[in-house]
Amino acid sequence: MTGGPTVVYVAGSGRSGSTLLERTLGEMPGFVNVGELIDLFRRVAPRNERCGCGQPFTNCPFWTQVGAGAFGGWDAGLLDATHQLQRKVARQRHLPRLLAGRRAGKDFLDAVSSYGEIYARLYRAIAAQAGASYVVDASKWPVQALALSLAGLDVRVIHLVRDVRGVAHSLAKPDVARPHAMAGTDVMWHVGPASAAARWVACQSEADLLHRRGIAVARLRYEDFVRQPRRSITRALGELTVPATASQLAHIADGRISLGTSHGLSGNPSRFAAGEVTLRVDETWRDEMSQRDRALVTAIGLPQLIRHRRPAGGRPAYPARASMTSQGVTSGQPPASDHLEWPLVSVVLPTRGRPDLVREAIASVVGQTYPGEIECIVVHDQEPPDPDLTHLATARRSVAVVANSRTAGLAGARNTGVAAAHGDYLAGCDDDDVWHPAKLHAQMTRLRDDPSLLAVGSGMRLLLPGGQVACWPGRAELISYQLLLRNRVKELHSSTLVMRREAVTRAGLYDEDLPGGYAEDYDWTLRLARAGRVGTVTEPLADIRKDTWSWYMGGMENTAAGLEYLLAKHPDFAASPRGHARILGQIAFARSVLGQRRLALRYALTALAKWPASPHACVALAHIATGIDPRHFRRAARLLGRGMI
């Protein structure tokens, strides 16, 4: 597959405000919006519908040049063939095969490849004609984004979510004019409330699955976009690693957006209007929707309503109306995503015996898109510092090397780095892990937007033995102390956490008395969650290696002793039957591997008494009974993205 420009794809249900979002993005220098491009081959070109500029499709100079550049013209055979390919690969019924990826079968994958090649040529021609680097496609269908991504296109998704009741109320209107046709009358598609709600739920559920294909996704609530467009757009694009400067958003002012004429296809009739658009949240459903319909739609959409009740990042809902100056700065407190000054972040990177991997880790820190300064403090544990690593520094990205001056091991190394840090914000990265470029920007935006958070983790990708990769999105935008007792929560891994310095003041330093330093990060996050609020950016933003050996893994004796130390140190485990059973089951497995089967059996049976469905206790019992090489158990668990210790 030959490449094309980056596609910013707006996914979501109909009547969710995608036309306004798409046109707002399209006004940014370097961007071009094209409306619902999925309709080009099946409806716009065959029916010669109007472009957003008002001209019939065949008369529009922009689309004439695009067709000539991409295909040598808009041949009827090409239009029909592409429409048929679309039916073969980009319909809801094909979702399981699209999610299966390379296991979907050769014929299906060949069709996806052909479909993707047509779109790659189309996107390249659009970008060339507009002189743009980013094409904004508001086709909305999640399956379309999946198909194009599987074909190899660079697709990054903004998942636009509007309240299901607003969507259902809008879709129920039967006589909304659709002025796209050249002759006769046409009206917008409409359905009843129950059907609209069911379709809305299906669309949100499909969009939530895009992470499984490794597609970058930023969730954006319609209500937040209308109330705080600059903040919402900057955050969403930042999560997609798409830079957005204040000058690019100059068309957004005090509660309004200035829009020029565009060449968007299909979609809402508002695409034909140009000029100043006053921003207001359309919530007429609150007054006009019958109580019966409102209750019905709410019941159908309730699970997704709960999931999307707050903006991505877990921040509180924004005020009803933004109050901005012409430069886009809110009077009083500036929007966090428009910070004029981004603070220094100090990244602590412990290392021992991995000279090649540590360079990859440093490069991923230095290569962050974060607009503020970064200092990377490499702490060499039980080895001399390597001064050559400082040569990896770049402008506004310093690299310092120090020796662990405290207790040997990870806890002492981390504490040494914290003591050497100059920033008011701290982050961690282990020497065998790699950050994604937008990681720090996304997490710092979250921390600056929600002052109540002490720290923020992120989703991740687990790099498993045999080249396997397990995508691990964040399970929740806020992580409670009770959840941490029940589950270790991988998203708060030492390589994902970004925190305020206050977090260390309140939770304390890493515990250097832990036997062998085992689970020093879990112990610290337990203390952190007990001290204050902890959140995550749910998008996977770091690659965590589970396929390499580490000095810090230690033996089973350290594992068992470390977990027993944790139970004694954190008596609150007793109030969490599942979490208590998990730790006991892990100790049982470690003791069994050490040959202490009688002791292991007592731990396993105690775990099952506390939580009969405890998988760790069951695995421990299996090892106690069989004595099978423990590496087989651990390998199987890791292939499932889990771990026994």
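In this text the structure is predicted, and so the values were computed from the model without any measurement.
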S.K.: One thing to verify: whether E557 and R591 come together as a salt bridge, which I'm taking to mean a side-chain N less than 4.0 angstrom from a carboxylate O.
M.R.: yes
S.K.: Ignoring hydrogens and angles, tell me if any N or O in the side chain of D511 forms a donor-acceptor pair with the backbone of D513 under 3.5 Å.
M.R.: yes
S.K.: Can any side-chain N or O of N415 pair as donor or acceptor with the backbone N or O of Y510 at less than 3.5 Å?
M.R.: yes
S.K.: Is the closest basic N to carboxylate O distance between K569 and D523 below 4.0 Å?
M.R.: yes
S.K.: Parallel, tilted or perpendicular for H570 and F573, by the 30°/60° rule?
M.R.: perpendicular
S.K.: Could you tell me whether a side-chain N or O of K439 sits under 3.5 Å from a main-chain N or O of T496, the two making a donor and an acceptor?
M.R.: yes
S.K.: Could you walk me through whether T525 and L484 pass the side chain to side chain contact (heavy atoms under 4.5 Å, CB included) check?
M.R.: CA-CA 8 Å; T525 53; L484 260 175; 4.2 Å; yes
S.K.: State the OG1-CG distance between T351 and D432, to the nearest 0.5 angstrom.
M.R.: 9.0 Å
S.K.: State, yes or no, whether a side-chain contact exists between Q382 and N404 at a heavy-atom distance under 4.5 Å.
M.R.: no
S.K.: Going by an N to O cut-off under 4.0 Å, is there a salt bridge joining R545 and D543?
M.R.: no
S.K.: Applying side-chain hydrogen bond (donor to acceptor under 3.5 Å, both in side chains), run through Q368 and W435 and close with a yes or a no.
M.R.: CA-CA 8 Å; Q368 291 294 295; W435 285 2; over 6 Å; no
S.K.: Check whether any side-chain N or O of Q443 sits under 3.5 Å from a backbone N or O of G457 as a donor-acceptor pair, and report yes or no.
M.R.: yes
S.K.: Sub-3.5 Å donor-acceptor pair from the side chain of E375 to the main-chain atoms of H422, do we have one?
M.R.: yes
S.K.: For T416 and G412, indicate whether the former's side chain and the latter's backbone hold a donor-acceptor pair under 3.5 Å.
M.R.: yes
S.K.: Evaluate the side chain to side chain contact (heavy atoms under 4.5 Å, CB included) criterion for residues V456 and V534: first the C-alpha distance (whole Å), next the side-chain angles of each, then the deciding distance (0.1 Å), finally the verdict.
M.R.: CA-CA 6 Å; V456 173; V534 182; over 6 Å; no
S.K.: Do R397 and C376 have side chains that get closer than 4.5 Å, going by heavy atoms?
M.R.: no
S.K.: Can a donor-acceptor pair be found, under 3.5 Å and without considering hydrogens, that links the side chain of R500 to the backbone of L454?
M.R.: no
S.K.: CD/E383 to CZ/R354 distance, rounded to the nearest 0.5 angstrom?
M.R.: 10.5 Å
S.K.: With rounding to the nearest 0.5 angstrom, report the CG to CD distance, L514 to E512.
M.R.: 10.0 Å
S.K.: Would you say the side chain of I362 lies within less than 4.5 Å of the side chain of V365, judging by non-hydrogen atoms?
M.R.: no
S.K.: Strictly distance-based, threshold 3.5 Å: is any side-chain N or O of H616 a donor or acceptor partner for the main-chain N or O of I583?
M.R.: no
S.K.: How many angstroms lie between atom CE of M460 and atom OG1 of T536, to the nearest 0.5 angstrom?
M.R.: 10.0 Å
S.K.: Just wondering, do L463 and I544 contact through their side chains at under 4.5 Å, heavy atoms?
M.R.: no
S.K.: Can a salt bridge be assigned to the pair D381 and R414 using a cut-off of 4.0 Å between side-chain N and carboxylate O?
M.R.: no
S.K.: Report the relative orientation of the aromatic rings in Y370 and H441; use parallel for angles under 30°, tilted for 30 to 60°, perpendicular for over 60°.
M.R.: perpendicular
